[in-house]
Each structure stands twice: as C-alpha cells, then as structure tokens.
There are 2 protein chains.
Amino acid sequence: MARLPIYLRALQALQDRGILTVSSEHLASAAGVNSAKLRKDLSHLGSYGTRGVGYEVEYLVYQISRELGLTQDWAVAIVGIGNLGRALANYGGFGTRGFRIAALLDADPAMVGQSVASLDVRHIDNLEAVVRSEGVSIGVITTPAAAAQGVATRFVEAGVASILNFAPVVLNVPDGVDVRKVDLSIELQILAFHAQRRADGDGRNAERAGLELT
Amino acid sequence: MARLPIYLRALQALQDRGILTVSSEHLASAAGVNSAKLRKDLSHLGSYGTRGVGYEVEYLVYQISRELGLTQDWAVAIVGIGNLGRALANYGGFGTRGFRIAALLDADPAMVGQSVASLDVRHIDNLEAVVRSEGVSIGVITTPAAAAQGVATRFVEAGVASILNFAPVVLNVPDGVDVRKVDLSIELQILAFHAQRRADGDGRNAERAGLELT
DNA sequence: ACGTGTGAACACATTCACAGCT
DNA sequence: AGCTGTGAATGTGTTCACACGT
C-alpha cells in the first residue's frame, strides 16, 4: 500500500522521541489519515497491535521496513545530471535508508568526468555495464523529455524493472516494468485547477450575495 | 480531474505535429489511459467531441486550458533555495504555460542577495510582503523538513491557499487550503516495495520449479 | 460505418460501528 | 475500560457495452 512509507516516517519520528507504544488514533493523526484506514492498512501486514494498548513502535517500524523491502539495499542509477539530477544526487534522504546511489550518467561529454556528490559522472554508453556491475535495480530519469523514452528502453533491456521518471512524457514499457512519474508542472496545474475552483466559487458567492442584497 | 494535465500535454504534442483531429482511442494511448476513461473524463467538461469523427485538437486544448485555469497567470513563490529549490527555479517548464516564478526566499543570510535564475533571493522575512506585492497564489516549499510547517503556516496566514510541498513532513493546514506533496524517497520506497514483490514471486517460482524438478 | 457519450455492472477504497481481546 | 481487528455499508473510480448522432 502506498501509505506505508508515510506511516514509517511518522513511526520513526516517534521512535526518535523515545515513544515506545502508539494507538491507531495517534499514529493516524501524525500521518494525516483517519484511524480506521490506518488500522485496516496495518491489518494487511498481520496482527501487530495489542487490543487495549496500541502498537509497539519499534516492532512496527521493523515490520513495515521489511514489507517495503528496506531491509536490503537498493542500488539506484540517475540518468541526466542537470539541475534536478544534481539535486537528487545531493539529497541526503536517499542514503539514509535502503537506497544507495550507485551511478550518475549523462549524454553530454562536457558533463562526463565531473564529480557530483562525490561520484564521477559517467557517459550514458556505460549504462548497461553499470547496471550489471553495480546491480542497479532502480533507474531514475532526469533527462529532457526527448531523451527519456530511449533511456527507459535501455534500462528495461538492461534488466531494470523499476523506473522513477521526472521527464514530462508518458513512458512506454513492457508489462511487469514499474514506472512511477513525478511531474512538477502537472502538480502546479492541479493546484491551479483547485485555486480556480475556489475563485469561481467565491465569484458565484459574491454574485449571489450581490443579488440577495439588491 | 488529475489527468487533464496529461491529456493537455498529449494534445499539445499532437498540435505541434499539425494534427487537427483525434479519436479517444488515439489520445488515450498517447496519454497512457484507456479510451473509456478518457471519454468519461472529457464528458465532464461538456460535449466537445463529434460522433463518428473524434475531438478537434485545438478546441480541446483551449477547453482543457480554461478548465485548468491556465488562461490566467499564477504567481509562484519558492521557499528554500537549496539544490532542489534552485532546480525548480531554473526549470523552464513552469514559465511556458500559466506559471510565473515571482519570488525566491530563503532563511540563510548567506543565500540572500544571490541571483538564481535571474531572480534575487530574498530573506524569508519578506514572505508576507512578497505575497501581497506579487499576488502570489501558489507557494512551493523546498526547505528542510523542520522548517516546512512554519513556512506553510506563514503562507496560509498570508492568504496563499495552494501549497506544493517537497519537504518530507505531513503539513497541518486549515480546511480549504490545498496541499500537494512530492516526496522523492516515498516514490523510491514504493518502487522498492514492488521490486521486492517481484523478487519474492521469482523466488517462490524458482523454489516451486526446483521442487518440481527434484 | 464510425466514434462519442453514458447507463449499468463492476471493482476497489473508505468509513462506520462494534464484537472481542487484553 | 480501552483499543484493535474486521464485517457491513457506503462511496468513488473504472470498465463494459451499446444506443445514438454524424
């Protein structure tokens, strides 16, 4: 379930504060969901709570980590070392738990050989070799839109079945390959959509109020 | 609906190729969805298609843009000019349609005054003033986790009701405020989850095959 | 004939409400 | 007494399949 990472983060925050046990009510509010949903989500992993008491934080952290596959390390390759690629490479959050940035690749010869986040940027021609030698299982695409599909295809053919795509294109991949997409301008457009609906509503209300006053 | 931006992008690509009319089947495959879903989504905006023919690309682009509120310009403020904030500031995709980066803010005095993407970074103390003077309606938070809630609260109190949050925390905001969250390590964790399920399945299959072979 | 628009069937997620354990 | 785990009810989103307009 897509909410497990959020629960995990909330639990780790509790753990850092030395809290040993937590009720579904508390954890749910920390994660921004309702308590029935949280209990149903957790019950999918098994019965890890104690009735009348709640959940043991440490045990639950371990169970969720295991369910998410964070007890093993995943090697990640980033292709496209522009502003965003650099930002990801330097983002400390990955290394902390379960993920290791194994390689940075770029098509631009001027980029190749530069050092980013204490890794040498290598030429994209080495993609297949790097995937094999580093055991890369997750590919991150931060290239321009035009290059993304080609990179995705190469990842897939090299055996990478998990792709995180930041390029604003719909990737075509075979069944069994998992693509997640992060699209910044789509997020903004969705915000604009809601903002406009709010504004429209205000307008209608104002108009209605005006009519009532006349 | 959250898929309209994807349709819009696909339509604009068709438009660039000089294509005037498109069927739900074609557009759906370009957007990576099924055609019934696309028709139902579009029917929510009104009856903009012609039976037996399809949709007129240009007209549909206009209707979706209008629905999304992209016919007006939205001023965006980015708080937290680290690697990610800089990447967003430099990302050209925003300016193209409907969004204008109106201000960059940071709490670090060493950062203030620097020029990023031809904008001067200003101190966070100016948040309220900038929101008012630039008419900011969308706030982007790329600060460390610890600072995010404070920034969000200041945005809300300044009248910003749309927030795009990159910090790995659940923001607490009043009803009526729209928060969207982009969390890179959550995306990776979800990929790891599926990757592990694949691996487990392979393992079981391998084991089963092994058993069958013995 | 072709492709949209849409009721009806379906699948899935959320919420309610409470039995049952501690 | 308190809180989990879960059947039942509800809501939401997806898919099917076809009547209807062009």
Side-chain angles (χ1 to χ4, degrees), chain A residues 1-8 10-11 14 19-64 67-68 170 175 178-181 186 190 193-194 197, chain B residues 1-8 10-11 14 19-64 67-68 170 175 178-181 186 190 193-194 197:
Chain A
M1 194 62 75
R3 281 182 299 267
L4 288 180
I6 302 173
Y7 303 154
L8 181 57
L11 284 165
L14 293 173
I19 292 167
L20 298 178
T21 194
V22 67
S23 72
S24 63
E25 202 77 43
H26 269 74
L27 183 52
S29 88
V33 302
N34 121 355
S35 68
K37 181 157 33 180
L38 180 126
R39 287 200 300 279
K40 189 140 275 183
D41 286 348
L42 293 187
S43 75
H44 273 275
L45 317 184
S47 274
Y48 297 140
T50 313
R51 294 173 191 223
V53 179
Y55 300 90
E56 198 203 324
V57 174
E58 187 180 343
Y59 186 51
L60 200 50
V61 164
Y62 170 71
Q63 290 299 341
I64 294 180
E67 181 75 10
L68 288 174
V170 175
D175 279 4
D178 193 12
V179 176
R180 294 193 64 87
K181 185 172 148 191
I186 283 185
I190 294 172
F193 171 74
H194 291 302
R197 287 186 78 81
Chain B
M1 194 60 77
R3 282 182 298 267
L4 288 181
I6 302 173
Y7 302 155
L8 181 58
L11 284 164
L14 293 172
I19 292 167
L20 298 178
T21 195
V22 67
S23 73
S24 64
E25 201 77 43
H26 269 75
L27 183 54
S29 87
V33 301
N34 124 352
S35 68
K37 180 155 34 178
L38 181 128
R39 286 201 301 278
K40 189 141 276 183
D41 286 347
L42 293 186
S43 75
H44 273 274
L45 316 184
S47 274
Y48 297 141
T50 313
R51 297 178 188 216
V53 180
Y55 300 90
E56 197 201 327
V57 174
E58 187 180 342
Y59 186 51
L60 200 49
V61 164
Y62 170 71
Q63 291 297 342
I64 294 181
E67 181 76 10
L68 288 173
V170 175
D175 280 4
D178 193 13
V179 175
R180 293 193 65 85
K181 185 172 148 192
I186 282 185
I190 294 172
F193 171 73
H194 290 301
R197 288 186 77 82

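The structure presented is a predicted model; accordingly, all values stated were derived computationally and were not measured. In what follows, chains are A, B, ... by sequence order, proteins preceding strands, each numbered from 1.
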(message) Are H26(B) and L14(B) packed together at the side-chain level, in the sense that at least one heavy-atom pair is separated by less than 4.5 angstrom?
(response) no

(message) Distance check needed: dC3(D) C1' versus Y55(A) OH, whole Å only.
(response) 9 Å

(request) Output the single nucleotide from dT6(D), dA17(D), dT14(D) whose closest atom is nearest the side chain of R39(A). (result) dT6(D)

(message) With a 4.0 Å limit, can you tell me whether T50(B) has a side-chain N or O closer than that to the phosphate oxygens OP1/OP2 of dT4(C)?
(response) no

(message) Of the options dT4(C), dC16(D), dC18(C), whose atoms approach the side-chain atoms of A36(B) most closely?
(response) dC16(D)

(request) Could you check how far NZ of K37(B) sits from C1' of dG3(C), rounded to whole Å? (result) 20 Å

(request) Rounded to the nearest angstrom, tell me the gap between atom NE2 in H44(A) and atom P in dT6(D). (result) 10 Å

(request) Let me know the distance between OH of Y48(B) and P of dG3(C), rounded to the nearest Å. (result) 23 Å

(message) What is the separation between atom CG on L45(A) and atom P on dG5(D), rounded to the nearest whole Å?
(response) 10 Å

(message) Looking at every non-hydrogen atom in both residues, tell me the closest pair between A30(A) and A10(A) and how far apart they are.
(response) CB-CB, 4.2 Å

(request) Determine: side-chain N/O of S24(B) to OP1/OP2 of dG3(C), distance under 4.0 Å, yes or no. (result) no

(request) Consider the side chain of R51(A), meaning its heavy atoms from C-beta on, and name the nucleotide among dT6(D), dG5(C), dG2(D) that approaches it most closely. (result) dG2(D)

(request) Starting from the C-alpha separation in whole Å, work towards a yes-or-no answer on side-chain contact (heavy atoms from CB on, under 4.5 Å) for V170(B) and V179(B). (result) CA-CA 10 Å; V170(B) 175; V179(B) 175; over 6 Å; no

(request) Output yes when at least one side-chain N/O atom of S23(B) is less than 4.0 Å from OP1 or OP2 of dG3(C), else no. (result) no

(request) Could you pick out which residue, G52(A) or K40(A), lies toward the 5' side of DNA chain D when each is mapped onto its nearest nucleotide? (result) G52(A)

(request) Would you name the heavy atoms of V22(A) and L27(A) that are closest together and state the gap between them? (result) CG2-N, 3.8 Å

(request) Starting at atom CG of L42(A), determine the distance to atom P of dT14(C), rounded to an integer number of angstrom. (result) 13 Å

